[in-house]
Amino acid sequence: MNKRLNQLTIKDAVKGLKEKKFSSAELTRACLDQIKKHNPDINAFLTINEHALDEAKRADEERDNDSTAPLLGIPIALKDMYMTKGLRTTAASNVLRDYIPQYDATVVSKLKNAGAIILGKTNHDAWAHGASGENSDFGPTKNPCNSEYVPGGSSSGSAASMASNMAIAASGTDTGGSIRQPASFTNTVGLKPTYGLVSRYGIVAMASSLDSIGHFTKTTEDSAIYLNVTSGNDPMDATTTKKETQNYLEDLEKGVKGIKIGVPKEYYAMGLDGSIKKNIESSIKKLEMLGAEIVEISLPHTEYALACYYIIVSSEISSNLARYDGIRYGHDRSNFGNEAVRRIILGTFTLSSGYYDAYYKKAMQVRTLIRRDFDEAFKKVDAIISPVSPTPPWKLGEKVNDPLKMYLSDVYTVIANLAGIPGLAVPSGFIGDLPRSNRGLPTGFQILGPHFSEKLLFQIGHAFEQTQERRIYGI
Ligand code: GLN
């Protein structure tokens, strides 16, 4: 099958542009046409960059002048949590519905300096609170693989933009799973980097000790290419690493022979859906066949992770959202939706005098225990394989009125954020055959590793990917 330009990976698009098989203007137009055609139904984009095509034409000129910028002319999408100078940034909330930032987030500057073309800003659960994409003040995003289903969240639009081939790559944020879970719901690769590897400066803060800035791509290799651009120290974010930047493509082809991969025994006792269990077991077998050594491990504090996460996340949210007072910017606080109000009330309670020790402080202590579980585990194994979501994607409307049910879907993802470790979600096939579309719903698993082990995660993910048939969805 001849791929349409908007279906290309970063790698193939860069190659095609270099060889002058097509121009960035053509590539960008293919993405914009796809957005025009499918966005009214999918609702992946909230704002389109009117200058995208002009910027693509400029990139074509720069190429003629021998520019070697790594993403020159590659059209990408940004979650609407990223500050973009002169381009509306809403956090998918009515509070910021007409807010135009004065500056670019560090990651946005890095992407622009690398030559990327910003197509627009993508939809998500308001303030990144949610796991289905339905909690946006601009309406839900639909799953392009089957539009009766949720695409996952909170980075719903970025994931959907990939699954519908509206963009070549897309940025997101992951505070408790918001990249990995929507990636696994849309047959996409999603990276949550180590805390502090990618700058948070200029990205709407959700919970500052958990927020990780990552991205969605069509392949693992593309994820490494993207991280090569976005990672590294930023003087504007004191929590970013001082470590020298690495070339994340370096170990990609090394395979998994001899690599020890841990399977936490606790992860099977957490309400895991039978279809997901079957799928992950077959993925583990594939990795074993490729030469990995599979080892059973224990992460004894796993059962406390979700409770611990929801106390910490609400506490930090209540503090971060205090700045939206309707005086300095944005509309007044009556514009906050129910989920934000719920978290502000909960977080204000857990931080209040008399309760702080019992809740926030206690949760932070448990967090240390969870982190130590991983320190111990990584003495025995190089990486860990885990489900992303306990269930396949669910139908729109199914959990939206039951916040607790929605929170439970985060059980496998929040752990990496609490420990600050990286997680790479890779597609691992399809579950069930749906009558309407005659194809199943996507699923994936995640590979977790020690802090700053992204290269190893890419190495494992890439090896696994070679065992998979890559299906391109028709839209
Ligand atoms: N679903 C989780 C929550 O609602 C994670 C959100 C995120 O990672 N931004 O908090």
Side-chain angles (χ1 to χ4, degrees), residues 78-82 91-93 122-136 140-141 150-159 170-185 190-193 195 198 200 203-216 305-321 336-347 350 363 367 387-391 393-394 398-425 446:
L78 299 173
K79 187 175 185 177
D80 214 13
M81 298 277 278
Y82 286 58
S93 166
T122 58
N123 201 1
H124 55 91
D125 291 292
W127 307 105
H129 305 166
S132 70
E134 292 161 288
N135 178 36
S136 162
T141 312
V150 301
S154 66
S155 311
S156 54
S158 286
S171 277
T173 63
D174 190 315
T175 300
S178 281
I179 290 174
R180 288 160 289 153
Q181 187 251 28
S184 78
F185 279 13
L191 175 72
K192 174 234 174 283
Y195 181 81
V198 179
R200 291 180 292 114
I203 289 162
V204 175
M206 179 174 163
S208 306
S209 76
L210 299 160
D211 293 345
S212 305
I213 310 308
H215 47 263
F216 297 84
L306 202 60
C308 176
Y309 168 81
Y310 270 97
I311 288 173
I312 296 172
V313 94
S314 305
S315 305
E316 296 185 13
I317 284 169
S318 75
S319 162
N320 272 326
L321 291 186
F336 276 122
N338 286 348
E339 186 59 28
V341 169
R342 188 176 297 120
R343 295 186 189 213
I344 291 169
I345 292 174
L346 200 66
T350 52
R367 180 180 188 171
V388 175
S389 161
T391 66
W394 53 89
E398 210 176 298
K399 297 190 187 178
V400 79
N401 295 318
D402 190 342
L404 268 184
K405 228 186 203 170
M406 193 75 88
Y407 296 172
L408 283 173
S409 64
D410 302 329
V411 64
Y412 291 104
T413 45
V414 298
I415 308 177
N417 300 77
L418 289 169
I421 58 173
L424 179 72
Q446 56 178 335

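Numbers here are sequence positions counted from 1. Both counts, for ligands and for their atoms, begin at 1 and track the order of listing. Model, not experiment: these values are computed from the prediction.
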Original post:
Which class fits the ring pair Trp127 and Phe336: parallel under 30°, tilted 30 to 60°, perpendicular over 60°?
Top reply: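 Rings of Trp127 and Phe336: tilted, 30 to 60°.
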
Original post:
Ser158 and Lys79: side-chain hydrogen bond (donor to acceptor under 3.5 Å, both in side chains), yes or no, with the steps?
Top reply: CA-CA 6 Å; Ser158 286; Lys79 187 175 185 177; over 6 Å; no

Subject >> Residue pair Pro151 / Pro182, side-chain heavy-atom distance below 4.5 Å >> reply: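 Heavy-atom side-chain distance check fails, nothing below 4.5 Å.
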
Original post:
Side-chain contact, heavy-atom cut-off 4.5 Å: Glu134 with Met406?
Top reply: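 A side-chain contact exists here, since the closest heavy-atom pair is under 4.5 Å.
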
Which atoms of ligand 1 have any heavy atom of [X] under 4.0 Å away?
X      : result
Gly130 : 1 (N), 2 (C), 3 (C), 4 (O), 6 (C)
Arg343 : 3 (C), 4 (O), 10 (O)
Ser154 : 9 (N)

**OP:** Output the distance between atom CG (Leu404) and atom NZ (Lys399), rounded to the nearest 0.5 Å.
**Re:**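 Separation between the atoms: 12.0 Å.
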
Original post:
Got a second to check how far Ser93's OG is from His124's NE2, nearest 0.5 Å?
Top reply: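 With rounding to 0.5 Å, OG (Ser93) is 9.0 Å from NE2 (His124).
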
Subject >> Location of contacts on Met406 toward ligand 1, heavy atoms closer than 4.0 Å >> reply: neither

Can you check whether [X] has an N/O within less than 3.5 Å of an N/O in ligand 1?
X      : result
Gly177 : yes
Val313 : no
Ala128 : yes
Thr175 : yes

Subject >> Nearest-option assignment for atom 5 (C) of ligand 1, heavy atoms, candidates Tyr310, Tyr407, Tyr309 >> reply: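 It is Tyr309 that holds the nearest heavy atom.
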
Original post:
Would Ser208 and Asn320 satisfy side-chain contact (heavy atoms from CB on, under 4.5 Å), going step by step from the backbone distance to the final call?
Top reply: CA-CA 8 Å; Ser208 306; Asn320 272 326; 3.1 Å; yes

**OP:** Would you check whether Asp410 reaches within less than 4.0 Å of ligand 1, judged by its heavy atoms?
**Re:**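 It does; at least one heavy atom falls under 4.0 Å.
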
Original post:
Mind checking whether Lys79 has a heavy atom under 4.0 Å from ligand 1?
Top reply: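 Lys79 does not count as a contact of ligand 1 under the 4.0 Å cut-off.
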
**OP:** For Ser314, check side-chain contact (heavy atoms from CB on, under 4.5 Å) against everything at least two apart and list the hits.
**Re:** Arg343, Leu346

Original post:
Any idea which protein heavy atom is nearest atom 7 (C) of ligand 1, and the distance to it?
Top reply: Ser178 OG, 2.4 Å

